[in-house]
Amino acid sequence: MTPVILCGGSGTRLWPLSRNARPKQLLSLTGARSMLQLTLDRISDRRRFAVPLVVTSESQAELIARQLVDTHAPDAALILEPAARNTAPAIALAALTAAPDDLLLIMPSDHLIGDADAFRLAVEKGSELAEQGWLVTFGIRPNRPETGYGYIKLGDTLSAGAFRAESFVEKPEAERAAAYVADGGYLWNAGIFLFRADSFLAALAAHAPEVLDPCRQSVAEGSTSAGRLRPSPDAFGAARSISVDHAVMEHAANIAVVPMDVRWSDVGSWQSLHEISEKDGDDNVAVGDAALLRSSGSLVHSDGPLVVAVGVQDLAIIATGDAVLVVPRGDSQAVRDAVELLKARG
Ligand code: GDD
Ligand code: MG
């Protein structure tokens with residue numbers, strides 16, 4: 001089984017820590033290791049997993065190469081996209097370079113997973129189905145009507161602990177998300193996929209030839225040196241920019257889901273970072289050179305100056321060398337608004 005790490009997102013929801021040049025997956029949000037390094041740690045057992053393949057953009061290549069040195073996979077192969085075209089083309093490149101019967105474990109590089117053993121068991125379960133041609137997804141029981149995730153409706157049992165996915169809905173609006181959570185028969189899509197390379201390419205041919213054909217051409221016309229594949233920019237640029245969820249998962253009939261009982265977070269907001277972090281008795285989190293006095297429910301994260309918050313409640317205060325953000329902790333729209341304001345200022 002070959003792990004394929006998707007490492008191309010830019011991410012603005014964790015602004016000002018995440019930037020175009022410093023995306024979420026390369027940040028160390030919880031301790032010393034970055035989210036990419038934690039992802040690679042999860043598949044470090046070489047008896048089970050082949051050397052991983054990292055799909056990323058040319059612009060992130062050197063930062064990533066530096067982080068790989070400090071993992072068990074310094075020799076990971078890199079596929080360097082000339083432009084970001086979202087996850088369907090990124091996964092297509094990996095599938096096109098693999099052997100047809102190779103099992104590919106597609107993993108985002110920006111998640112935290114609490115329970116490594118439960119993760120491994122779910123992957124083992126999924127591999128039986130993937131061998132049979134299923135496109136396997138992994139499901140997490142939802143605890144809130146999050147609109148930033150995909151929802152999978154559980155269908156018939158395929159084998160113990162594995163189900164057919166009756167439907168897949170990527171990022172529903174709030175009302176539908178609430179109905180899915182209330183229904184109880186839906187799981188969040190963890191964003192991790194497992195399939196044979198040929199099964200995925202067949203699904204792309206059926207549902208997204210506008211992704212597959214340019215990607216195939218870009219690999220054929222691409223160049224490889226020192227373990228780095230560079231698809232041809234002209235051909236790759238013609239691929240439709242679309243996520244794998246919209247391109248394939250919402251349409252294919254052979255989708256299976258393996259529920260995964262793990263602590264999982266995609267750390268998409270300051271709120272979710274607060275949730276998963278170690279807190280003091282007043283529900284505060286302080287990371288870096290930061291202190292809180294007479295405060296509660298707040299997160300202070302400093303990459304730069306000393307930050308002292310006194311008498312505040314439920315705030316996120318994020319300081320870097322060149323920017324400081326102060327927002328209500330639970331208001332992720334506020335961060336998007338801040339980023340929009342910055343774009344408008346140029
Ligand atoms: N190489 C590459 N190229 N990687 C990419 C690109 C790209 O153009 N775009 C995104 N990625 C990487 C991101 O770095 C991340 O690790 C992963 O692919 C998923 O992309 P996101 O952009 O973070 O997706 P999402 O969080 O909005 O939604 C997906 O994940 C959710 C769970 O976190 C979907 O699969 C949802 O259904 C799912 O619930
Ligand atoms: Mg994500």
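Counting starts at 1 for both ligands and their atoms, in listed order.
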Revision key, fill the gap. Applied to residues 196-207, the salt bridge (charged side-chain N to carboxylate O under 4.0 Å, His left out) test, sequence neighbours excluded, yields Arg196-Asp198
**Study point:** Criterion side-chain contact (heavy atoms from CB on, under 4.5 Å) against Phe193, the qualifying member of Leu104, Ile106, Thr87
**Key:** Ile106
Review point. When rounded to the nearest 0.5 angstrom, what is the spacing between CG in Asp213 and OG in Ser218?
Key: 11.0 Å
Check your understanding: Who are the side-chain hydrogen bond (donor to acceptor under 3.5 Å, both in side chains) partners of Ser295, not counting sequence neighbours?
Key -> none
Check your understanding: For ligand 1, what are the residues with a heavy-atom contact below 4.0 Å?
Key -> Leu6, Cys7, Gly8, Gly9, Gln25, Val55, Thr56, Glu81, Ala84, Arg85, Asn86, Thr87, Ala90, Pro108, Ser109, Asp110, His111, Tyr149, Gly150, Glu170, Lys171, Asn189, Ala190, Gly191, Asp245, Trp264, Asp266
Taking only distance into account, with no hydrogens and no angle test, what donor-acceptor pairs under 3.5 Å do side-chain atoms of residues 129-139 form with protein atoms, sequence neighbours excluded?
from: Gln132; atom 1: NE2; to: Glu128; atom 2: O; distance (Å): 3.4
from: Thr137; atom 1: OG1; to: Ala256; atom 2: O; distance (Å): 2.9

Exercise for review: Answer yes when Glu340 and Arg336 have at least one side-chain N-carboxylate O distance shorter than 4.0 Å, and no when they do not.
Suggested key: no
